[in-house]
Amino acid sequence: GRAFGSRAIPHLPRGVAAALAACGDVANAVGFRRFAFNSFRLNNVLTQYRFDLEATRAACGELPYTMQQGVAETVRWFHTLRR
């Protein structure tokens with residue numbers, strides 16, 4: 001998010017986030033389908049998306065970009081789509 005110039009992501013205690021997600025689940029259950037936060041989304045936020053790239057390096061050699069370079073290149077590409 002920071003690479004796109006967005007504001008910092010707010011942090012909540014897990015219990016508060018779970019309570020808000022439960023409220024979202026109830027809102028969804030009674031028909032408010034567009035309620036922005038529920039347990040499914042909370043689970044997505046809490047899931048760690050880290051991947052071991054050693055097998056990729058072993059098969060392909062040294063990778064062409066670092067994580068930071070890849071993010072910067074993706075941001076540049078994304079901005080070309082919005083013109």
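Positions are given from 1 along the sequence.
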Kindly write out the residues that satisfy side chain to side chain donor-acceptor pair (under 3.5 Å) with R57, not counting sequence neighbours, or none if the list is empty.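 Testing R57 for side chain to side chain donor-acceptor pair (under 3.5 Å), a comparison that skips the adjacent residues, returns E54.
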
S39: which residues meet the side chain to side chain donor-acceptor pair (under 3.5 Å) condition with it, sequence neighbours left out?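 So S39 forms a side chain to side chain donor-acceptor pair (under 3.5 Å) with D25.
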
Could you state whether V45 and L12 fall into the same hydrophobic cluster, counting links through intermediate Ile, Leu, Val, Met, Phe, Trp or Tyr residues with side-chain heavy atoms under 4.5 angstrom apart?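 No, separate clusters.
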
For residues 13-24, dump all side-chain donor-acceptor pairs below 3.5 Å to protein atoms at least two apart in sequence or in another chain.
none

Of all the heavy-atom pairs spanning F35 and N28, show the shortest one and how long it is.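 For F35 versus N28, the nearest heavy atoms are CB-ND2, 3.5 Å.
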
Do you know the tightest heavy-atom contact between N44 and Y49?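 Minimum heavy-atom contact is O-CE1, 3.8 Å.
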
Applying side-chain contact (heavy atoms from CB on, under 4.5 Å), can you list everything that pairs with V26, at least two apart in sequence or on another chain?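 For V26, no residue satisfies side-chain contact (heavy atoms from CB on, under 4.5 Å) once neighbours in sequence are set aside.
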
Test of understanding: with side-chain contact (heavy atoms from CB on, under 4.5 Å), list the residues that count as partners of Y65, not counting sequence neighbours.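 Testing Y65 for side-chain contact (heavy atoms from CB on, under 4.5 Å), a comparison that skips the adjacent residues, returns Q69.
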
Which distance, rounded to the nearest 0.5 Å, do you find between the CG of N38 and the CZ of R33?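 These two atoms lie 10.0 Å from each other.
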
To the nearest 0.5 Å, what is the distance between CG on L53 and CE on M67?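 With rounding to 0.5 Å, CG (L53) is 7.0 Å from CE (M67).
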
Answer whether the closest heavy-atom distance between the side chains of F78 and V75 falls below 4.5 Å.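 No, their side chains stay 4.5 Å or more apart.
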
